[in-house]
Amino acid sequence: MYFCNLNLHQENTKIVMIEQNLQQAVADALKRLYGMEVAPATVVLQATKKEFAGDYTVVVFPYVKQARKSPEQLANELGAAVKEAVAEVADYNVIKGFLNFVVDDSYWVRFVTAEATDANYGLKQAQPDESPVVVEYSSPNTNKPLHLGHIRNNLLGWSVSELLAANGANVKKVNLVNDRGIHICKSMLAWLRFGNGETPESSGMKGDHLVGKYYVEFDKHYKEEIHELTAKGMDEEEAKKQAPLMVEAQQMLKRWEEGDKEIRDLWSKMNGWVYAGFDETYRKMGVGFDKVYYESNTYLLGKELVQKGLDMGVLFRKEDGSVWCDLTADGLDQKLLLRKDGTSVYMTQDLGTALLRHNDFGAERLIYVVGNEQDYHFKVLKLILGKLGFDWADKVYHLSYGMVELPNGKMKSREGTVVDADDLIAEMEVTAEEMCRDHGKNDDMSPEQLKELYHMLALGALKYFILKVDPTKNMLFNPAESIDFNGNTGPFIQYTHARIHSIVRKAAEQGVDPAQELSAPIELTDKERAVVKCLHDLPSTVASAAANYSPAMVANYAFDLAKSFNSFYQDTPILRENDPVLRLFRVKLCALVALSLKNTMHILGIEVPERM
RNA sequence: GGUUCCGUAGCUCAGCUGGAUAGAGCAACUGCCUUCUAAGCAGUAGGUCCUGCGUUCGAAUCGCAGCGGAAUCACCA
């Protein structure tokens with residue numbers, strides 16, 4: 001098979017990474033010299049701090065007690081043994097309990113030579129026959145357009161999927177559209193009541209924005225009704241329940257679940273508007289899915305599960321007819337699964353979709369990219385799945401990400417402080433255009449090329465700004481900083497890529513091809529070595545980023561690499577270098593940096609330009 | 001009130017399973033374009049890693065307590 005051949009070929013050209021050799025050699029030496037059994041993977045190996053000589057450092061403190069040596073003596077003995085055993089170790093030195101190894105330049109040169117033309121450097125080939133990892137993200141409600149919070153979700157979901165795939169997983173991206181429930185009834189009711197038949201065509205509004213407008217409209221009139229009722233002396237809680245609009249919305253939901261044709265038709269029409277709008281936003285963001293689920297198709301399965309749970313005796317029905325799960329033994333409360341009128345709630349649907357998805361994919365992991373405000377929900381979901389007897393409950397993983405806050409506090413849809421996804425992207429594109437105009441480096445490009453470039457840079461800035469932050473943490477979205485193109489930003493990395501591409505292009509014109517072989521050994525400058533070592537870290541960075549579900553680790557890596565390259569580029573001649581061997585090596589280095597930037601940015605869902 | 005998460009430079013963030021003198025970017029200030037893209041590079045300045053106690057050769061990292069902030073605990077999703 002094609003992929004297998006490709007893989008074998010790659011394996012042949014790859015060199016064995018030196019970290020494992022060092023760890024193994026240390027473990028071997030500990031055993032041989034002191035009779036100690038140490039698993040190689042547990043040997044603490046870290047990059048040597050730049051103020052000391054060396055490339056890798058082994059911390060020997062953990063072994064001094066058992067070896068009955070002073071840290072210095074132990075480190076020296078280990079250093080001598082490892083230098084003897086590992087050909088790539090040129091030298092070692094000891095400072096306190098730290099054993100620093102110097103790796104011979106020939107290793108770094110061999111590494112660059114081996115990888116410089118591997119277009120997939122840093123990306124493992126996905127295994128198509130492996131049981132899949134299903135990543136659910138986006139999961140929009142069809143009652144309002146996407147906003148900044150959704151943007152973080154979508155970018156994270158896409159990027160984590162790409163990250164896991166880059167680490168060899170067979171990833172399936174899925175979306176679960178929350179197309180039913182009380183919220184969409186509110187929009188429908190408001191549209192019937194106040195809409196005068198307005199459509200996306202008649203108003204020129206994007207469909208999701210139009211429906212969102214009526215959701216806001218509902219809330220406005222609902223508030224008024226509550227106010228009127230409380231003014232007459234009614235308790236506020238009671239007023240919220242008895243407000244005519246709310247009562248009517250609930251009746252509408254009931255009619256929807258009963259399959260009432262009139263309601264279903266209206267629902268189909270308005271959801272259709274929303275989907276058209278979402279598709280446009282997804283396309284602009286550059287995200288997509290292998291499969292889309294609709295809750296309207298899956299919630300009944302949830303209801304069946306609830307019945308099964310009742311039969312099994314793990315759920316119970318209260319006098320009013322509502323169905324609950326008792327989680328007090330797990331330290332939680334009772335959880336509602338069916339309302340007294342028999343309609344289902346969020347949890348009911350999620351039980352159903354989880355089962356459906358498990359059956360559809362036979363997945364090894366079911367990952368849900370959902371905000372940390374729902375930590376409790378997923379804790380409960382896993383517990384109930386377990387109580388229902390599904391042994392795959394522990395394959396459910398909630399990738400819980402932090403909230404996006406604005407400089408003036410939280411986004412509140414009712415207070416109009418929501419940052420709309422479409423608006424934000426449009427503004428970023430305008431900014432990108434202004435920046436490019438100011439620099440005036442692309443005046444010869446066609447209008448289509450320019451438009452593509454502006455979009456690429458706008459999305460690069462936005463995506464990088466959001467993805468560089470640890471997903472689990474809340475983050476501040478400062479609009480002024482998000483459109484910055486300098487420093488730790490997407491465009492900085494894109495710019496670095498464009499610069500390198502310019503060199504590689506000119507090298508080709510001069511007949512220097514990164515695929516050519518070096519005809520003589522070379523010595524590296526400090527700046528070169530720094531870049532090479534950074535490149536060398538890419539595979540392990542992707543692996544640990546994937547293990548942590550953290551695109552941020554990839555983003556920060558890409559920035560470090562770009563910075564390291566720019567520093568090298570600033571004061572090292574490349575094409576101006578007279579020595580042809582050095583010139584060729586540096587072109588190889590450039591080519592590999594460009595590839596690495598491209599591949600890491602690809603994981604983030606960011607494209608890199610060849611010119612900017 | 002219960003539970004969970006967070007607290008690192010003026011601001012935004014790195015700092016992975018404990019390791020050497022805690023790092024970037026932004027903002028401020030200095031330099032560097034006749035030379036491969038200055039959207040860049042080099043430098044200066046900026047710290048009680050919230051506080052206290054503990055664990056140990058070693059703590060921003062682990063534990064406990066306190067202070068401050070956030071989320072959640074709905075017949076909303």
Side-chain angles (χ1 to χ4, degrees), chain A residues 42 44 46 48-49 51-52 57 59 61-62 64-65 71 95-98 100 139 141 143 178 181-184 186 241 250 295 318 320-324 331-333 335-341 343 345-347 349-350 371-377 379-380 400 402-403 405 407 410 435-436 438-439 441 457 465 468-470 472-478 480-481 484-489 491-496 498-507 540-541 544-545 547-548 550 552-553 555-556 559-560 562-563 566-577 586 590 611-612:
Chain A
T42 64
V44 177
Q46 52 189 353
T48 304
K49 300 253 173 195
E51 51 269 38
F52 303 101
T57 298
V59 183
F61 287 111
V64 294
K65 210 168 189 178
I95 298 167
K96 296 199 278 180
F98 298 90
N100 303 318
S139 317
N141 294 337
N143 62 333
N178 195 337
I182 191 73
H183 53 88
I184 181 67
K186 290 177 183 175
K241 284 181 193 162
Q250 256 146 8
E295 277 192 359
K318 287 193 177 173
D320 64 2
S322 57
V323 178
W324 298 74
L332 305 175
D333 295 326
K335 182 72 193 175
L336 177 88
L337 292 176
L338 284 183
R339 297 189 186 97
K340 65 184 169 203
D341 66 0
T343 55
V345 292
Y346 182 45
M347 184 61 74
Q349 304 159 173
D350 253 14
N372 63 11
E373 58 197 349
Q374 293 192 33
D375 285 355
Y376 183 79
H377 173 80
K379 209 167 159 183
V380 171
S400 164
M403 300 288 96
E405 281 154 28
K410 268 194 78 169
M435 297 293 240
C436 287
D438 285 351
H439 285 90
K441 294 179 181 178
L457 298 181
F465 186 81
K468 75 176 172 183
V469 181
D470 180 343
T472 64
K473 293 189 176 172
N474 287 0
M475 68 169 290
L476 184 82
F477 186 87
N478 185 328
E481 285 176 20
D484 200 343
F485 281 34
N486 302 315
N488 189 359
T489 67
F492 167 84
I493 297 166
Q494 290 171 315
Y495 172 69
T496 305
R499 278 177 130 185
I500 299 173
H501 212 272
S502 166
I503 295 172
V504 173
R505 203 164 45 227
K506 286 177 178 154
S540 64
T541 301
S544 71
N548 290 290
S550 174
M553 293 172 76
N556 287 311
F559 176 62
D560 286 341
K563 216 166 24 141
N566 281 325
S567 176
F568 153 77
Y569 173 88
Q570 189 68 24
D571 52 26
T572 314
I574 300 167
L575 297 175
R576 292 179 317 214
E577 171 60 49
R586 288 172 188 164
C590 287
R611 287 186 51 192
M612 68 181 270

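Every chain is numbered from 1 and lettered A, B, ... according to where its sequence line falls, protein lines coming before strand lines.
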Under 4.0 Å, heavy atoms only, any strand: does [X] hit a base, just the sugar-phosphate, or nothing?
| X | value |
| --- | --- |
| Tyr346(A) | base |
| Thr57(A) | base |
| Asp438(A) | nothing |
| Gln494(A) | nothing |
| Ile182(A) | sugar-phosphate |
| Ser567(A) | sugar-phosphate |

Next on the checklist: Quick check: on RNA chain B, is the nucleotide nearest Ala562(A) upstream (toward 5') of the one nearest Lys506(A), or the reverse? Name the residue that is more 5'.
Outcome noted: Lys506(A)
Item to check | 5′-ward residue of the pair Ile500(A)/Gln570(A) relative to RNA chain B | outcome: Ile500(A)
Partner set under side-chain hydrogen bond (donor to acceptor under 3.5 Å, both in side chains) for [X], not counting sequence neighbours:
| X | answer |
| --- | --- |
| Arg611(A) | Asp444(A) |
| Ser322(A) | Asp320(A), Trp324(A) |
| Asn556(A) | none |

Next on the checklist: I want to check something: taking the side chain as every heavy atom from C-beta on, are Lys186(A) and Asn143(A) in contact at a cut-off of under 4.5 Å?
Outcome noted: no
Next on the checklist: What I'd like to find out is whether the side chain of Met435(A) reaches to under 4.5 Å of the side chain of Leu457(A), using heavy atoms alone.
Outcome noted: no
Checklist entry - Considering Watson-Crick and G-U wobble pairs with both distances under 3.5 Å, what does U37(B) pair with? => result none
For nucleotides 22-27 of chain B, give me every protein contact, N/O to N/O, under 3.5 Å, one pair per line with atom names.
{"from": "G25(B)", "atom 1": "O2'", "to": "Asn488(A)", "atom 2": "N", "distance (Å)": "3.2"}

Next on the checklist: Side chains of Ser400(A) and Asp375(A): any donor to acceptor distance under 3.5 Å?
Outcome noted: yes
Next on the checklist: My understanding is that only residues two or more places apart in sequence, or in another chain, count here; which of them pass ring pair (Phe, Tyr, Trp, His ring centres under 6.0 Å) with His183(A)?
Outcome noted: none
Checklist entry - Nearest to the side chain of Tyr569(A), which nucleotide is it out of A70(B), U37(B), C13(B)? => result U37(B)
Checklist entry - What nucleotide, of G19(B), A77(B), U37(B), holds the atom closest to the side chain of Glu295(A)? => result A77(B)
N/O to N/O distances under 3.5 Å, protein versus nucleotides 4-8 of chain B:
none

Checklist entry - Between Phe61(A) and G19(B), do the rings stack, that is, sit under 5.5 Å apart with planes less than 30° off each other? => result yes
Checklist entry - With stacking defined as ring centroids separated by under 5.5 Å and planes differing by under 30°, is His183(A) stacked against A77(B)? => result no
